[in-house]
Amino acid sequence: MSDCIFCKIVAGEIPCRKVYEDSDLLAFHDINPVAPVHFMIIPKEHIESLQDTHARHEMLLGRMLLLAPYLAKEQGLNDGFRTVINTGRGGGQEVFHLHMHIIGGGGPRPL
Ligand code: AMP
Ligand code: ZN
């Protein structure tokens, strides 16, 4: 996906503040944080959104979820965190490469 900004980050063509990387997943800080800690976990594979996942992505999706509390703790979020996946235009998604926001450190907030 040549014009996908997150694919370019995966390829190292655009820099990021990396939090974690393995063969399937990448995590990096959001460029426009909404809280003291705000990073995202993405699959390296270009998947447009959660609406474009299938049974073959079961392991990948499970790994994204399992990684979240581990990295959140590593980033100092000992008291909990929010996970957000915006899906599709109706869900407010702006970057069409699946990503899970991990947000915390900003005190309580609704929803
Ligand atoms: P969403 O609305 O869930 O699609 O969110 C897209 C997120 O990507 C926004 O929070 C942006 O701040 C973030 N973002 C866009 N470009 C970059 C970038 N180059 N590096 C890090 N985060 C980015
Ligand atoms: Zn992509």
Side-chain angles (χ1 to χ4, degrees):
M1 293 294 154
S2 55
D3 59 352
C4 171
I5 192 162
F6 286 0
C7 280
K8 286 182 178 165
I9 288 175
V10 169
E13 291 164 14
I14 291 179
C16 72
R17 284 177 56 217
K18 194 186 292 182
V19 170
Y20 174 87
E21 180 171 19
D22 64 30
S23 56
D24 300 317
L25 302 176
L26 179 68
F28 54 91
H29 291 280
D30 197 294
I31 206 166
N32 190 15
V34 299
V37 177
H38 182 180
F39 62 95
M40 50 191 110
I41 300 173
I42 73 168
K44 287 188 168 177
E45 176 188 347
H46 181 85
I47 302 168
E48 288 216 354
S49 81
L50 198 58
Q51 284 178 146
D52 301 291
T53 55
H54 306 283
R56 71 182 173 87
H57 296 120
E58 183 175 352
M59 182 82 88
L60 190 68
L61 291 167
R63 290 205 54 233
M64 286 174 71
L65 280 173
L66 284 170
L67 188 58
Y70 173 81
L71 294 183
K73 203 160 204 170
E74 214 175 57
Q75 293 298 313
L77 299 176
N78 296 310
D79 201 27
F81 57 91
R82 302 173 63 212
T83 47
V84 176
I85 304 176
N86 296 321
T87 302
R89 295 197 190 284
Q93 187 174 359
E94 288 175 355
V95 175
F96 283 83
H97 179 129
L98 175 63
H99 53 282
M100 177 165 60
H101 297 262
I102 311 295
I103 301 163
R109 52 173 297 162
L111 242 141

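Just so it is clear, the model here is predicted, and its values are computed rather than measured. For ligands, and for the atoms within them, numbers begin at 1 and follow the listed sequence.
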(message) If you count every heavy atom of other residues, nucleotides or ligands that lies below 6.0 Å from Glu13 atom CD, does the total exceed 12?
(response)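 Counting neighbours around CD of Glu13, more than 12 heavy atoms of other residues, nucleotides or ligands fall under 6.0 Å, so yes.
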One pair per line, please: each N/O atom of ligand 1 matched with every protein N/O atom under 3.5 Å away, atom names first, then the distance to 0.1 Å.
{"from": "ligand 1", "atom 1": "2 (O)", "to": "Gly92", "atom 2": "O", "distance (Å)": "3.2"}
{"from": "ligand 1", "atom 1": "2 (O)", "to": "Glu94", "atom 2": "N", "distance (Å)": "3.4"}
{"from": "ligand 1", "atom 1": "3 (O)", "to": "Asn86", "atom 2": "ND2", "distance (Å)": "2.9"}
{"from": "ligand 1", "atom 1": "3 (O)", "to": "His99", "atom 2": "NE2", "distance (Å)": "2.7"}
{"from": "ligand 1", "atom 1": "3 (O)", "to": "His101", "atom 2": "NE2", "distance (Å)": "2.8"}
{"from": "ligand 1", "atom 1": "4 (O)", "to": "Glu94", "atom 2": "N", "distance (Å)": "2.7"}
{"from": "ligand 1", "atom 1": "4 (O)", "to": "Val95", "atom 2": "N", "distance (Å)": "2.9"}
{"from": "ligand 1", "atom 1": "4 (O)", "to": "His99", "atom 2": "NE2", "distance (Å)": "3.1"}
{"from": "ligand 1", "atom 1": "5 (O)", "to": "His99", "atom 2": "NE2", "distance (Å)": "3.2"}
{"from": "ligand 1", "atom 1": "5 (O)", "to": "His101", "atom 2": "NE2", "distance (Å)": "3.4"}
{"from": "ligand 1", "atom 1": "10 (O)", "to": "Asp30", "atom 2": "OD1", "distance (Å)": "3.3"}
{"from": "ligand 1", "atom 1": "10 (O)", "to": "Asp30", "atom 2": "OD2", "distance (Å)": "2.6"}
{"from": "ligand 1", "atom 1": "12 (O)", "to": "Asp30", "atom 2": "OD1", "distance (Å)": "2.5"}
{"from": "ligand 1", "atom 1": "22 (N)", "to": "Ile31", "atom 2": "N", "distance (Å)": "3.1"}

For residues 87-97, run the donor-acceptor check on the side chains, cut-off 3.5 Å, and write out each pair with its distance to 0.1 Å, sequence neighbours left out.
{"from": "Gln93", "atom 1": "OE1", "to": "Gly88", "atom 2": "N", "distance (Å)": "2.8"}
{"from": "Gln93", "atom 1": "NE2", "to": "Glu48", "atom 2": "O", "distance (Å)": "2.9"}
{"from": "Gln93", "atom 1": "NE2", "to": "Val95", "atom 2": "O", "distance (Å)": "2.9"}
{"from": "His97", "atom 1": "ND1", "to": "His46", "atom 2": "ND1", "distance (Å)": "3.3"}
{"from": "His97", "atom 1": "NE2", "to": "Pro43", "atom 2": "O", "distance (Å)": "2.8"}
{"from": "His97", "atom 1": "NE2", "to": "Glu45", "atom 2": "O", "distance (Å)": "3.4"}

(request) Just to the nearest 10 degrees, tell me the angle at the Zn ion (ligand 2) spanned by His97 ND1 and Cys7 SG. (result) 110°
(message) Between Phe28 and Phe6 (judged by ring centroids, cut-off 6.0 Å), do the two rings come close enough to count as a pair?
(response)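 Centroid separation for Phe28 and Phe6: below 6.0 Å.
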(request) State the CG-CG distance between Leu77 and Leu71, to the nearest 0.5 angstrom. (result)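 If I round to the nearest 0.5 Å, the distance is 10.5 Å.
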(request) Specify which N/O/S atom of His46 comes nearest to the Zn ion (ligand 2), by atom name. (result) ND1
(message) Filter on salt bridge (charged side-chain N to carboxylate O under 4.0 Å, His left out), then keep only pairs touching residues 61-80, sequence neighbours left out; what's left?
(response) Asp22-Arg63, Asp24-Arg63
(message) Going by side chain to side chain donor-acceptor pair (under 3.5 Å), name the residues that satisfy it together with Asn86, two or more places apart in sequence or in a different chain.
(response) none
(request) Indicate the atoms forming the closest heavy-atom contact of His38 with Pro33, along with that distance. (result) ND1-CA, 3.4 Å
